[in-house]
Amino acid sequence: MIAITREISPSIVRCELTHVARAPIDVELARRQHEEYERCLASAGCTIRRLPSDAAMPDSVFVEDVAVVFDELALVTRPGAVSRRIETPAVADALRSLRTLRYIEPPGTLDGGDALVTGRRVFIGRSSRTNDAGIAQARSILEPFGYQVAGIDLTGCLHLKSAVTAIDDCRLVVNADWVAVDVFEGFELVAVDASEPFAANVLRIGERLICAEAHPRTARRLERCGFAVSTVDMSETAKAEGGVTCCSLVLRD
Ligand code: CIR
C-alpha cells in the first residue's frame with residue numbers, strides 16, 4: 001500500500017475551523033506527531049510518499065479532503081473551503097501515475113472527509129463543505145464502475161467521517177449524535193464511548209485500526225471486538241479539526 005501524506009504547513013495556526021474553538025497549535029509538536037503517525041502507517045505496511053507544503057496552505061496536511069481514491073480511479077475533489085482549493089494540484093500530480101484522475105467541477109464541491117467508502121457502497125455527507133452538485137457528480141462518475149452512492153445528512157460535525165468510519169466491510173464505528181444511523185441498515189454498528197464524541201474517526205489499514213490516543217475508551221471497545229488497534233497522539237492536528245483519517249490517502253499499489 002501507498003500512503004500519501006503532506007507536511008504540516010508553517011501556517012497551520014491559521015487553519016479553517018468550523019465546530020471547534022481556536023486553540024494554540026504547537027507547530028513543532030504537530031510535526032513530530034505527524035512523523036509518528038507516518039511511522040505508524042509504515043509499520044502497518046504502507047510506503048509513505050510525503051508531499052511538501054508551504055505557508056499559503058494552512059490545511060494542506062489534511063490530504064484526505066482533496067481526493068478520494070478507488071481501485072479504478074481517483075476523484076480529485078473541489079474542496080468546499082475556497083482557501084483549500086490550491087491544495088489539489090500537488091495531490092493530483094502524486095496520484096496521476098497511480099490512478100486515472102476524474103475531477104469534481106464547479107458548481108460542485110466535495111471534501112474527501114465526507115466520503116465514506118466501504119466495498120461498493122459510497123456514503124457522501126451533505127455538509128458545509130460538500131453540496132448536492134458534488135454528490136451528483138461523484139455518483140455519475142462512480143456508478144458506471146458499480147458503486148452505489150448515497151448522499152446523507154449530518155449535523156454537529158465537520159465531515160461525515162467525523163461521525164462514522166468503516167472498521168471492516170460490514171462494521172462501522174459511529175457517533176449517532178452526528179448522523180442518523182438508519183441509512184446504515186445491514187451494517188453492524190459499534191458506538192463510540194459517550195465521553196469521546198470525536199472517536200468515530202478511525203483509520204483502517206488492512207487488519208489494523210489506527211485511533212487517536214485521545215479516545216482510549218473507544219479504542220478498548222474496538223480491541224474487545226477483536227481488532228488490532230494502534231494509537232497515535234494527534235493532539236495538535238485535532239486542534240485544527242482533523243482526525244486520523246484526514247492526514248493520509250491510503251491506496252493499493
Ligand atoms: C478544515 O477545516 O478544512 C481543516 N481545518 C480540517 C480538515 C479535516 N479533514 C477531515 O476531517 N477530513
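Not measured: the values here are computed from a predicted model. All values below were derived from every heavy atom in this structure, side-chain atoms included, with hydrogens, water molecules and symmetry-related copies excluded. Start at 1 and go down the list; that is how both ligands and their atoms are numbered.
Nearest protein heavy-atom contact of atom 10 (C) of ligand 1 is Cys246 SG, 2.8 Å. Atom 8 (C) of ligand 1 has Glu241 O, 3.4 Å as its closest protein atom, hydrogens excluded (heavy atom only). Looking only at protein heavy atoms, the nearest one to atom 9 (N) of ligand 1 is Asp65 OD2, 2.8 Å. When hydrogens are left out, the protein atom nearest atom 6 (C) of ligand 1 is Ala240 O, 3.2 Å; that is the closest non-hydrogen contact. Considering only non-hydrogen protein atoms, atom 4 (C) of ligand 1 sits nearest to Asp59 OD1, 3.1 Å.
The line from CD1 of Ile86 to CG of Asp59 is 10.5 Å long, rounded to the nearest 0.5 Å.
Gln137 places a side-chain N or O within donor-acceptor distance of the main-chain N or O of Glu105, the cut-off being under 3.5 Å. Checked by atom type and distance alone, the side chain of Glu64 never pairs as donor or acceptor with a backbone atom of Gly112 at under 3.5 Å.
With a 4.0 Å heavy-atom cut-off, ligand 1 is reached by the side chain of Glu64 but not by its N, CA, C or O. Contact annotation for Arg129 and ligand 1: only side-chain heavy atoms (C-beta onward) come within less than 4.0 Å of the ligand. At a 4.0 Å heavy-atom cut-off, ligand 1 does not touch Asp111 at all.
Checked by atom type, the side-chain pair Arg204/Thr165 shows no donor-acceptor distance below 3.5 Å. Under the 3.5 Å distance criterion, with hydrogens and angles disregarded, no donor-acceptor pair is assigned to the side chains of Thr237 and Gln33.
For residues 189-248, every residue pair satisfying the ring-ring contact (aromatic ring centres under 6.0 Å, His included) rule, not counting sequence neighbours, is listed here: Trp178-Phe198. Under the ring-ring contact (aromatic ring centres under 6.0 Å, His included) criterion, the residue pairs touching residues 49-90 are Phe70-Tyr147, with sequence neighbours excluded.
Per-residue contacts place His159 under 4.0 angstrom from the following atoms of ligand 1 (heavy atoms of the residue considered): 9 (N), 10 (C), 11 (O), 12 (N). Atoms of ligand 1 found under 4.0 Å from any heavy atom of Gly113 (numbered from 1 in listed order, with element): 12 (N).
Aromatic ring pairs are classed by plane angle as parallel below 30°, tilted from 30° to 60° and perpendicular above 60°; the pair His34 and Tyr37 is parallel.
For ligand 1, one of its N or O atoms has an N or O atom of Glu16 under 3.5 Å away.
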